[in-house]
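Chain letters run A, B, ... following the sequence lines, proteins first and then strands; every chain starts at 1.
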Amino acid sequence: AQSVTQLGSHVSVSEGALVLLRCNYSSSVPPYLFWYVQYPNQGLQLLLKYTSAATLVKGINGFEAEFKKSETSFHLTKPSAHMSDAAEYFCAVTANTGNQFYFGTGTSLTVIP
Amino acid sequence: DTGVSQDPRHKITKRGQNVTFRCDPISEHNRLYWYRQTLGQGPEFLTYFQNEAQLEKSRLLSDRFSAERPKGSFSTLEIQRTEQGDSAMYLCASSLTSGLDEQYFGPGTRLTVT
């Protein structure tokens with residue numbers, strides 16, 4: 001069985017500050033992990049994914065995430081928040097078959113000017 | 001390519017009625033997924049197709065839910081005898097070939113059951 005937990009349903013940061021969105025996973029098999037972003041009134045869009053290559057994954061818009069097996073974590077970071085980063089962020093996990101996906105409950109990011 | 005499209009965007013129905021939603025994936029994409037998303041939750045995986053074959057359907061919510069992709073292109077999701085608890089956003093996504101390819105999501109169909 002697989003699941004993800006996103007700690008913090010709402011995160012607020014000041015413009016220019018570090019963004020840290022937390023995701024912990026549970027998986028009985030080696031996981032593949034994803035971060036998706038949903039801007040208001042838009043569909044979900046892939047930010048980045050981990051598929052067992054490099055543990056530090058770089059994505060679009062300056063975001064990156066690090067897979068830490070010992071901590072079962074895949075936290076999303078961005079060094080400097082921009083107003084356009086305000087959105088809902090979802091972490092997701094699947095097994096190597098990619099046959100089922102499990103999404104977290106999401107974290108709403110607010111960027112304060 | 002205009003991306004994944006879903007029709008209708010909104011559907012209001014009375015309890016007990018049947019509803020059908022359509023999803024048109026990106027044209028060269030072989031995989032197609034259906035999800036349900038309720039307020040304050042992440043997408044909940046329902047089923048997926050590889051071309052016309054439905055390879056995973058154990059997580060369809062009940063036997064009132066069914067999906068088809070008859071020619072490996074568009075797909076339909078049907079809910080029979082709708083209940084108020086079925087009110088949600090129904091999302092469709094497609095990807096190129098494998099489950100590890102990026103999924104492109106459509107805008108969703110919002111269902112309201114009165």
Chain A contact via B:L100 - side chain, backbone, both or neither, heavy atoms under 4.5 Å: both
Value rounded to 0.5 Å, distance of CZ in B:R31 from CG in A:N99: 5.5 Å
Any side-chain heavy-atom pair of B:Q37 and A:F103 under 4.5 Å: no
Single-linkage hydrophobic cluster, 4.5 Å side-chain cutoff, B:L77 and B:F45 together: no
Separation between CG of A:L46 and CZ of B:F105, rounded to the nearest 0.5 Å: 9.0 Å
Under 4.5 Å from any heavy atom of chain A - which part of B:L91: side chain
Neighbour count above 12 (heavy atom, 6.0 Å) for A:L18 CG: yes
Over 12 non-hydrogen atoms of neighbours within 6.0 angstrom of CZ in B:R15: no
Whether over 12 other heavy atoms sit under 6.0 Å from B:E102 CD: yes
Heavy-atom pairs under 4.5 Å with chain A, option from B:P107, B:S95, B:G40, B:P43 with the top count: B:P43
Pairs of heavy atoms under 4.5 Å with chain B: top-ranked of A:F101, A:Y36, A:F90: A:F101
Point-to-point distance, once rounded to the nearest 0.5 Å, from CD of A:Q100 to CD of B:E56: 4.0 Å
Co-membership, hydrophobic cluster, residues A:F34 and A:L44, 4.5 Å side-chain: yes
Under 4.5 Å from any heavy atom of chain B - which part of A:E88: neither
B:L61 reachable from B:I79 in the ILVMFWY side-chain graph, under 4.5 Å edges: yes
Heavy-atom neighbours of B:L39 CG exceed 12 at 6.0 Å: no
Heavy-atom pair with the smallest gap, counting every atom of A:T105 and B:Q41: CG2-OE1, 3.4 Å
